[in-house]
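The next block holds one structure in the form of structure tokens; read it before the comments.
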Amino acid sequence: MDCKVFNNRLEDFQMGKLPKDMETACEKHMEKCTICKGLYVLEQDMNASFSMYFDTDQMEHHTVRNEVMGKIDRKRYGKNPAKKVKYSILADKKRYMTAAAVLLFIIFSIPFIKSVISLPFGSAKTSASKSAQDMANTESAPAVKDEEQGIKIKYYAVSKAEALKMINEEYNVTKAVISPDNKKRAMIYGKGSEMIEEGYSKIVLQDINKNQYYVIEMNDESEGNQLTVKGITWRNNDNILAIIGSAYGMATRGGNVYNFNLNTRELSLVYKTKDDKTEVTNIKKGDEFHYILNINEYADDSLMDSKQYQENITIK
Amino acid sequence: MDSDNMLVDQVLEGNVDSFNIIINKYENLIFKFVYNMIRDREAAEDLTQETFITVYDKLYLYKKEYKFINWVYQIAKNKTVDYVRKYRKVYEVNIEDSNDIISKDISPDDYTIYRETKDKIEKFINSLEDTDRQIIILKYSQGLTFLDISRIMNMSESTVKRKFYKIREDFSGINSEKERCN
């Protein structure tokens with residue numbers, strides 16, 4: 001054995017962890033090498049000194065057993081299943097809390113993810129991955145049905161060519177209204193100023209930046225109702241206020257006011273006229289939440305004579 | 001002898017006597033460890049008591065993949081560190097208190113040597129940082145392996161070893177790398 005090996009084995013040698021033959025080799029090396037012997041003695045002394053210093057074996061101290069046993073809650077644990085469940089949950093509190101947080105996140109994310117994936121204006125990814133042509137004719141399922149009026153919603157993408165065909169029928173399409181952020185424009189196809197024949201209309205919606213087109217239908221085609229969109233205005237970038245009234249007949253020009261949310265596809269009634277002889281013919285935005293409604297009120301059921309007036313409403 | 005895990009299970013089943021056995025088994029070890037950290041017998045007894053009460057209260061948190069006694073050491077260590085912080089108790093050795101430790105049969109010469117060595121160690125221990133002091137105590141007072149110390153101290157085994165040898169080198173003034181013959 002040389003000094004290097006001896007130094008490497010010194011710790012184990014001192015702790016008596018070496019095999020017998022190695023131990024004998026270390027002892028023999030120390031007989032020959034005074035430096036290693038000195039080091040060994042020094043380290044032995046040091047170990048002995050520290051051990052002596054920390055040795056408290058002869059120190060008397062009071063047992064704490066009685067105090068501890070007197071202070072602990074003896075009924076804290078037990079075979080009761082409720083207690084076991086309680087402590088099992090407490091022991092894995094972090095894991096349960098993480099799982100709960102993840103679950104809550106998923107629950108609250110679902111509506112958002114759903115809207116991002118399915119709504120035309122909700123997702124850049126959807127728009128980017130699907131061309132208007134791809135989306136054309138993929139009629140979305142009616143998302144909302146107004147129970148009171150039976151108005152069914154259809155909201156779907158159309159090809160540019162198809163959209164332009166409608167838009168270019170100038171006599172058959174209303175003037176476009178632009179969203180406050182100038183990113184979308186909407187017009188009603190089937191209710192142009194020169195239209196002679198009445199019927200169901202469609203809102204043609206254009207995403208100006210992406211140059212994509214969509215159609216929104218809000219019709220109640222049930223017998224006796226036959227309602228459709230007759231006028232629109234932007235409430236904000238995601239909501240359109242629509243006047244929905246009688247689809248046929250030249251006598252009536254308006255209807256009730258509904259709010260349509262482009263993201264959630266929810267249609268909700270925001271203003272209902274007092275009776276069937278009264279209708280909203282136009283809606284104009286005032287300041288933030290205020291709107292001015294043009295109202296036409298017929299004198300009687302013959303719908304011959306009518307008076308017009310304005311009414312201010314607040315929509316928040 | 002009852003294994004620690006078995007005793008723990010029994011306590012969690014509501015058998016308080018098993019906790020009595022646990023205290024009996026480890027009380028001296030914990031007292032010794034705490035005492036060597038603060039060198040105050042009464043405080044060490046109080047902290048030992050607090051340690052076992054906490055061990056009982058938090059027993060449901062003990063993970064069986066770890067050594068039970070290491071978990072108890074951890075609680076004792078944290079309690080002691082809190083105590084030192086709370087009372088701003090500077091680690092100072094009470095000579096009179098320490099005298100109790102040595103045998104009364106010791107000769108005057110040996111006692112002088114003992115006092116000299118002790119003074120030297122005390123001075124050195126007082127100069128150590130908390131972590132280093134805890135490592136030295138766990139090694140010399142409790143005779144634990146580096147692996148156990150690393151578990152108690154929440155550090156790697158190699159870090160514990162490195163720190164331990166560095167402390168000894170600082171004490172002896174021997175740099176093992178430079179001064180040992182090759």
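Lettering follows sequence order; numbering is per chain, from 1.
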With only heavy atoms counted, which part of B:Lys120 is less than 4.5 Å from chain A, the side chain, the backbone, both or neither?
neither
Cut-off 4.5 Å, heavy atoms of chain B, and the answer for A:Asp92 is side chain
From the list B:Leu61, B:Val11, B:Leu12, the residue making the most non-hydrogen contacts under 4.5 Å with chain A is B:Leu12
B:Asp4 versus B:Tyr26, side-chain donor and acceptor atoms under 3.5 Å:
yes
Please check if the side chain of B:Asn126 supplies one atom and the backbone of B:Glu122 the other of a donor-acceptor pair under 3.5 Å.
yes
Does a side chain donor of either B:Thr54 or B:Lys79 reach within less than 3.5 Å of an acceptor in the other side chain?
yes
Does the structure place the NZ or CZ of B:Lys77 under 6.0 Å from the centre of the six-membered ring of B:Phe33, at an angle of no more than 45° from the ring's axis?
no
Which bit of A:Thr63 is near chain B, if near means a heavy-atom gap under 4.5 Å: side chain, backbone, both or neither?
both
Between A:His61, A:Lys93, A:Lys75, the one whose heavy-atom pairs under 4.5 Å with chain B are most numerous:
A:His61
Between B:Phe146 and B:Phe164 (judged by ring centroids, cut-off 6.0 Å), do the two rings come close enough to count as a pair?
yes
Answer key: most heavy-atom pairs under 4.5 Å with chain B among A:Glu60, A:Lys79, A:Arg76 is A:Arg76
Tell me, side chain or backbone of B:Tyr56 under 4.5 Å from chain A's heavy atoms, or both, or neither?
both
Ranking B:Lys63, B:Gln142, B:Glu42, B:Glu45 by heavy-atom pairs under 4.5 Å to chain A gives rank one to B:Glu45
B:Asp57 portion near chain A, given a 4.5 angstrom heavy-atom threshold
both
Is it the case that the side chains of A:Asp181 and A:Ser179 hold a donor-acceptor pair, with the cut-off being a distance below 3.5 Å and no angle test?
yes
Given a strict heavy-atom distance threshold of 4.5 Å, which part of B:Tyr62 is in contact with chain A: side chain, backbone, both, or neither?
neither
I'd like to know whether the aromatic ring centres of B:Trp71 and B:Tyr66 sit less than 6.0 Å apart in this structure.
no
